[in-house]
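This report refers to the structure that appears directly beneath it.
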Amino acid sequence: MVAKEKVTVTVIKADVGSVVGHSRPHPSMLQVSKDILAEKQKKGVIEDFYVTRVGDDINLFMTHYKGEGNKDVHGAAWDCFQAATKIAKTMKLYAAGQDILTDAFSGNVKGAGPGSAEMTFEERGSEPLLFFMADKTEPSAYSGPLSRVFLDPFTTTGLVIDARAKKGFDVEIHDVLDCKKVVMSSPEETLDILSLLGDTSRYAIKRISSRAGIGPAAVLSTDKLNLTAGKYIGKDDPVCVCRCQSGLPSVGEYTQPFINTTWLAAGWMRGSHYGAFYPCSPEDSDPTYYDGPPRICCLGFQINDGRLQGLEPLNSKGGDHEPVDFFKGATFDGARARSIKASRFMRSQGPFCPSILPAEEMEYTSRPEVLKSLVARFENISDAGKPKKTTKKKDVE
Ligand code: 13P
Ligand code: 13P
Ligand code: MG
Ligand code: MG
């Protein structure tokens, strides 16, 4: 390794089948992924790795010096998902191969189904990282918590008292429906940023970078959002990787919003309901209540010369890593109880908005067939004749 070479942290995730509906991958699917990545580490494709899951999604954390979008690194993840899919099919697990949209790997997982979040940076003297992983939801579910962390000084005191954090952050926002992106800067444009992000059906954060020269602060997987313009297909159970401390939000500033607020997130049950984010350990991430509620986990590692360092001994191999599990403990019991309370309230509304998502965001709906069957029975109720055809209001006229 050349001194000051930039390290890349890559997380690639996919749901390729699970035991009992959309609950969890079979242990052998995680094991085969570990075996494949251990082999790739030996061959020098990656420096280090950790394999975990949230609900039914396999998450592969990888570190390397090959930069973002690298064919070999993405290929390593692709090999894992192929092998895990094979196991899922052999076992007749549910939705085997769910997120694999193509037979042929073309050098990058983008557009092929799996989600990816990558960031490249010069490793600092100490480099704490948090890996958030969510199931049964979409990237814009992170917009509220990240807005609190990066835009709200009443949440993150670091924005007031840390001279470098005070310089603010560049926020890359994606317009999901028009396939466009814009970079806006906090604190000057905070209110305008919130004006966009408040529309969770259209806008999501892709990346946040320091304006004090520290580099990337947070990056999300938004791959599915970018697949199709004009149609919303974003329930891809996204990850969010965050660098912490020394000019960036501290570890605790990142975790705080998950206690202070009970966040509603879209994508629960059949990808078509709002539920409340349930912060928990990966061990507790089986979606046991109405296929949810949307789970969020937070695992922490330090980076040490391109390798992951958790609670395991120095220089342990990828398979032996042990991250700090931030949402596991009793500190989050109250937040979990509030999540269930809020989710039960949402469920009490049955199949009505806003318990279910607006029509254009439903993962699937039988309404077109219902309407088709009623064509002959629908009658005009106005003498003025056929009402004018309405179209969805554009965001900018
Ligand atoms: P310590 O003094 O424990 O290093 O904590 C500093 C800090 O910023 C915690 O958020
Ligand atoms: P996943 O996206 O996690 O596979 O969940 C699908 C679903 O709709 C479960 O109700
Ligand atoms: Mg699934
Ligand atoms: Mg899932």
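Just follow the structure's listing: the first ligand is 1, and inside any ligand the first atom is 1.
- Residue contact check: Gln98 has heavy atoms under 4.0 Å from atoms 1 (P), 2 (O), 4 (O) of ligand 2.
- The distance from the Mg ion (ligand 3) to the nearest N/O/S atom of Asp57 is not under 2.8 Å.
- In this structure, Arg243 forms a cation-pi arrangement with Phe121, its terminal cationic atom sitting closer than 6.0 Å to the ring centre and no more than 45° off the ring axis.
- Counting heavy atoms closer than 4.0 Å to ligand 2, residue His22 contributes side-chain atoms (C-beta onward) but none from N, CA, C or O.
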For this session: Before giving the answer on salt bridge (Lys or Arg N to Asp or Glu O under 4.0 Å), spell out for Arg53 and Asp15 the whole-Å C-alpha distance, their side-chain angles and the decisive distance to 0.1 Å.
Result: CA-CA 9 Å; Arg53 62 112 186 175; Asp15 171 356; over 6 Å; no

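- Using a 4.5 Å cut-off on side-chain heavy atoms (C-beta onward), Arg347 and Ser355 make contact.
- The nearest protein atom to atom 7 (C) of ligand 1, hydrogens excluded, is given as Gln245 NE2, 4.1 Å; this is a heavy-atom distance.
- Taking distance alone, with nitrogen or oxygen atoms compared against 3.5 Å, Gly271 approaches ligand 2 more closely than that limit.
- Near Ser250, meaning under 4.0 Å from one of its heavy atoms, ligand 1 places the atoms 10 (O).
- Here the heavy atom of the protein found nearest to atom 2 (O) of ligand 2 is Asp237 OD2, 3.4 Å.
- Summary: OD2 is the N/O/S atom of Asp15 found nearest to the Mg ion (ligand 3).
- Remark: minimum distance from atom 1 (P) of ligand 2 to any protein heavy atom is reached at Asp56 OD2, 3.5 Å.
- Between Lys13 and Asp57 there is a salt bridge, since at least one side-chain N of the basic residue sits less than 4.0 Å from a carboxylate O of the acidic one.
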For this session: Could you go through the salt bridge (Lys or Arg N to Asp or Glu O under 4.0 Å) check for Asp175 and Lys180 one step at a time?
Result: CA-CA 5 Å; Asp175 174 339; Lys180 282 187 193 156; 5.8 Å; no

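- For ligand 2 and Lys136, the ligand atoms under 4.0 Å from any heavy atom of the residue are 1 (P), 3 (O), 5 (O), 9 (C).
- With the Mg ion (ligand 3) as vertex, Asp56 OD2 and His22 ND1 subtend 100°, rounded to 10°.
- Of all heavy-atom pairs spanning Ala342 and Ala276, the tightest one is CB-CB, 3.8 Å.
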Exercise. Going through the checks in order, is the salt bridge (Lys or Arg N to Asp or Glu O under 4.0 Å) test met by Arg202 and Glu361?
Worked result: CA-CA 10 Å; Arg202 186 172 196 113; Glu361 284 179 61; over 6 Å; no

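- Counting only heavy atoms, the protein never gets under 4.0 Å from atom 4 (O) of ligand 1.
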